[in-house]
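Since the structure comes first, as structure tokens, the remarks are kept for the end.
Only this structure's heavy atoms are used, side chains among them; waters, hydrogens and symmetry mates stay out.
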2 protein chains.
Amino acid sequence: MKLSANEEYGLRCLVRIGYAGEGGNVTIPEMSQAEGVSPAYAAKILRVLRKGGFVKAARGKDGGYTLARPAESIVIGDVMDVLGGRIFESSFCDSHAGQAAICTRSVDCSVRSLWRAVQVSVDQVLSKATLRDLLQNEEDMNTWVRAIPGAKGLHSIQ
Amino acid sequence: MKLSANEEYGLRCLVRIGYAGEGGNVTIPEMSQAEGVSPAYAAKILRVLRKGGFVKAARGKDGGYTLARPAESIVIGDVMDVLGGRIFESSFCDSHAGQAAICTRSVDCSVRSLWRAVQVSVDQVLSKATLRDLLQNEEDMNTWVRAIPGAKGLHSIQ
DNA sequence: CCTAATCTGCACTTTTTAGTCAAGATTACT
DNA sequence: AGTAATCTTGACTAAAAAGTGCAGATTAGG
């Protein structure tokens, strides 16, 4: 259960574009240098974000990237899906659906239930957080941080 | 954020060995067939579990694998770590530690905080669940399922 | 119209992960 | 001792992910 490079750098680029704000423009060379990846690789990632509908690009001189829609409408979970998939592929045990007695006593279903639990848990965070949350100041960020049971605020998890 | 093949099949094998119970023995051919992977691959995964101290092997005729220690002492999070890593590698922004004002306004820290939140969230499940939980019947499994906010029980996430 | 700055697309190489193979070592049973 | 069932190891191949390079298209400004 690791983050892929696409997810890591893709989200970083998106946040950077978000910080540029309304009408702000960020170029590939800028992101490349800021995030420490090659321009070619940044370009590759940006293409994914563009095709996913999160950013739009302007070509030519003074070109660059801007958010395609308001930050509060960009759900981080959706971004993750596009960048690398939030998928748990424990696709067994579908035949047992509903047969609780058998199901709970099988390897398939034990494992499957665990993955589901993890998936639900991750979604608690990723489906609630929008790009806007990531751009806000600390107090606002605590909105989604507090969704995590046990976390008292940003400082408690940082 | 995907599960690796190692994590998927490693955990499945471990659970299967767990089901065999005290003194029970599971062989590579058995696991191979049950999980639909080649014997060679199963062997490779089992080696990881053995080196991680979760199972022990008996060679020769009537040989096979057994749990190396009681199921209740095997934390699933630890198993995951060994099989593929539960690591979020957003290792930037360490220099800012403590400087909240600057930190929250930076790409590094926004993203890092999110990863931490996800990590905490995942740990809510994986660090609480033991192999014993996965082997128990439905009612017992709800112990760790209930740790997920919003989940009312096993059925609610399955 | 020319130039410089920019994105675009595709093919390529490198690195990591997944999966296979074969030869060897160990054990139970007869 | 012999045999069959089993794990062990390391090297190998295949597939996927990460990362690079280059020729082309677009645009702003002189």
### Query
Does any N or O in the side chain of T130(A) come within less than 3.5 Å of the main-chain N or O of V75(A), such that one atom is a donor and the other an acceptor?
no

### Query
For the pair made of CD in E35(A) and C1' in dG19(D), what is the distance, rounded to whole Å?
16 Å

### Members of residues 26-33 of chain A that approach DNA chain D, where some heavy atom sits under 4.0 Å away
none

### Query
Any side-chain N or O of S38(A) less than 4.0 Å from the OP1 or OP2 oxygen of dG19(D)?
no

## Note on the structure
Separation of dA5(D) atom P from Y65(B) atom OH, nearest Å, is 18 Å

### Query
Can you tell me how far P of dT9(D) sits from CG of L46(B), to the nearest Å?
12 Å

### Query
Tell me, do M1(B) and V118(B) make a side-chain contact under 4.5 Å, heavy atoms counted?
yes

### Partner residues of A43(A) under the side chain to side chain contact (heavy atoms under 4.5 Å, CB included) criterion, sequence neighbours left out
I28(A)

### Summary
To the nearest angstrom, the CZ-P distance between R50(A) and dT6(C) comes to 17 Å

### Task
Tell me yes or no: between the side chains of S106(A) and Y19(B), is some donor less than 3.5 Å from an acceptor?
no

Tabulate atom names and distances for all N/O pairs under 3.5 angstrom spanning the protein and nucleotides 10-18 of chain C.
from    : atom 1 : to    : atom 2 : distance (Å)
dA18(C) : OP1    : A5(B) : N      : 2.9

### V55(A) vs V26(A) side-chain heavy atoms within contact, under 4.5 Å
no

### Contacts of type side-chain hydrogen bond (donor to acceptor under 3.5 Å, both in side chains), residue S73(B), not counting sequence neighbours
R69(B)

### Task
Without swapping roles, check the side chain of N6(A) against the backbone of I45(A) for a donor-acceptor pair under 3.5 Å.
no

Do any N or O atoms of the protein come closer than 3.5 Å to N or O atoms of nucleotides 22-24 of chain C, and which pairs are they?
none

### Message
Quick check against the 3.5 Å criterion: does E30(A) have a side-chain atom that pairs as donor or acceptor with the backbone of T27(A)?
### Response
yes

#### Entry: Check: E35(A) side chain, Y9(A) main-chain N or O, donor-acceptor pair, under 3.5 Å
no

### Task
Tell me, please, which residues at least two apart from Q33(A) pass side chain to side chain contact (heavy atoms under 4.5 Å, CB included).
none

### Task
Determine whether the side chains of Q124(A) and S121(A) contain a donor N or O and an acceptor N or O closer than 3.5 Å.
no

### Query
Separation of I45(A) atom CD1 from dG9(C) atom P, in whole Å?
16 Å

### Length of the CG-P vector between N25(B) and dT27(C), whole Å
14 Å

### Summary
K61(A) atom NZ is separated from dT3(C) atom C1', nearest whole Å, by 10 Å

